Amino acid sequence: MAEMSAPKGVRDILPEESWKWAYVFRVVQETARHFGYSEVHLPIFEHTELFSRGIGDTTDVVEKEMYTFLDKGDRSITLRPEATASMVRAYLEHRMGTMSQPVKMWCAGPMFRYERPQKGRYRQFWQVDFESIGASSPYADVEIIAISLELFRRLGLRRLEVVINSVGCPECRPSYRKRLTDYFESRKDHLCETCLGRLERNPLRILDCKRDGCKAVTEDAPDVYDSLCGECREHFDVVKDSLDALGASYRLDKRLVRGLDYYTKTAYEILSGELGSQNAVCGGGRYDNLAEAIGGSHVPGVGFAAGVDRIVMVMEQQECSFGSAPSVEVFAVALDDISRRNVLQLVDMLRRNGIVAEMDLAGKSMKAQMKAASSRGAQFACILGESERAGGTVMVKDLATAEQQEISLPLLVAELKNKLTSTRKG
RNA sequence: GUGAGCGUAGUUCAAUCGGUUAGAGCACUGGACUGUGGCUCCAGAUGUUGGGGGUUCGAGUCCCCUCGCUCACCCCA
């Protein structure tokens, strides 16, 4: 039944998984607070132009991966493929340049890219995005990298690889680009077809081609580091020194590129070996020319985005803790129809007192209610029948030990809380 | 956009060389046990074999198309 299934490349996060996601978001939120980043909620769609100018109209993302449509007012609208452009747009639109700089914000939400789905890649996927806008100092870059490291440390991710590079700035990149183009031009016949295309549009991209032939050619390609201008070199040195000071290990990789003019200086990614071929769990860098590209004044910025789907995937693979799973503390059981009314009141009273309580909603027999109580994972069953009604009591059964105890109604909450504290967390 | 593998019940899988009415475990519902879950036993419900077309006396099985899933290329978080 095609009409009964979700569109290709999207997925439902169901109860068995959603509590794990909630845990990840809680950790993100807390980490953001400790680093002084404020949460913002930005729109899921924007003017198409924001992305074609902000991301670059020669990128694959903009050329063929965007969900773009005309709305009823004939405006070209695009479901956001990433969050950075919106962040900078919001910064400019709300004149955040008048605030104390940098402005540090984060957001979380779904992103959309029309791509062929595969492991760790969906058409709707979730990212958490941190941006530090308005400071050009390398310490802003370092803080961004540090947040992502601390976030993953708190989540318990292991065996991550941090890869960093500097892609230069509008001062030094053109000359590097020229040297690179000249170099590849002379070895054209060794390049694959896609790289021949890249040669004209974006020669930096050839550096991370995975084909053996191209890889071999890139071995002797001009080094980015030799081409960095003084400012970029100094910036990069401070970033590296600071990471050393923080005890963070990283690998330099001159193949890591962001070929567009708005991306400047620091570029980094954090990779995990548990993800298959979509191995980046986080990626980011500096974009000092993005604000201008989307029509604003010159505002430097740096940030990262981390993929929530992939984070959860790695955490599951590495059996990381997601805190405690939601659990039912009390399941109230009615022995007859008259007791159902009392059970309803009982459950209501327990909930008001902060106890996780449930009851049968399907009109089941007592036996089936008991079964439901244990399949829901309840710790206690509170049984209510004719004799309990008469005595103003409730029969409390510990479902793990099968011990039973009749407790009078006024004492019930205190008794239950007492029994629960031994197993309760947080 | 390109390539490969796979689609049978909610789920995991079975069904001989193409042969009758497509089965089983788990899960679900009910009962044995009329006020006590887990264990056991019994019973029940659930399928357009992803969809369409073709070959054949006969198709879950073979062929074509299509859709979907998975992985990889590509790209990225």
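Here is the naming used below: chain letters follow the sequence lines, and residue numbers restart at 1 for every chain. Fair warning: this is a prediction, and the values are worked out from it, not measured in the lab.
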Side-chain donor or acceptor of Glu131(A) paired with backbone N/O of Trp106(A) under 3.5 Å: no
Residue pairs involving residues 301-330 of chain A (criterion ring-ring contact (aromatic ring centres under 6.0 Å, His included); sequence neighbours excluded): Phe130(A)-Phe304(A)
Identified pairing partner of G5(B), criterion: Watson-Crick or G-U wobble below 3.5 Å: C69(B)
Distance-only polar pair, side chains of Glu143(A) and Tyr37(A), donor-acceptor under 3.5 Å: yes
Sugar-phosphate only, base, or nothing, as touched by Ala305(A) at under 4.0 Å among non-hydrogen atoms: sugar-phosphate
Between C1' of C6(B) and NZ of Lys119(A), the distance in whole Å: 17 Å
Pairing partner of U49(B) (Watson-Crick or G-U wobble, both distances under 3.5 Å): none
Listed once per pair and sorted, the salt bridge (Lys or Arg N to Asp or Glu O under 4.0 Å) pairs that draw on residues 360-374 of chain A, sequence neighbours left out: Arg340(A)-Asp360(A)
Who pairs with G60(B) - Watson-Crick or G-U, where each distance is under 3.5 Å: none
Counter-base of U55(B), judged by Watson-Crick or G-U geometry with both distances under 3.5 Å: none
Pairing nucleotide - G37(B), Watson-Crick or G-U, each distance under 3.5 Å: none
Under 3.5 Å on both distances, the Watson-Crick or G-U partner of G23(B): C13(B)
Can you check nucleotides 31-35 of chain B for protein contacts, nitrogen or oxygen pairs under 3.5 Å, and list what you find?
unit_1, atom_1, unit_2, atom_2, d
C33(B), O2, Lys367(A), NZ, 3.0
G35(B), O6, Ser387(A), N, 2.8
G35(B), O6, Ser387(A), OG, 2.6
G35(B), N1, Ser387(A), OG, 3.2
G35(B), N1, Glu388(A), OE1, 2.9
G35(B), N1, Glu388(A), OE2, 3.2
G35(B), N2, Glu388(A), OE2, 2.6

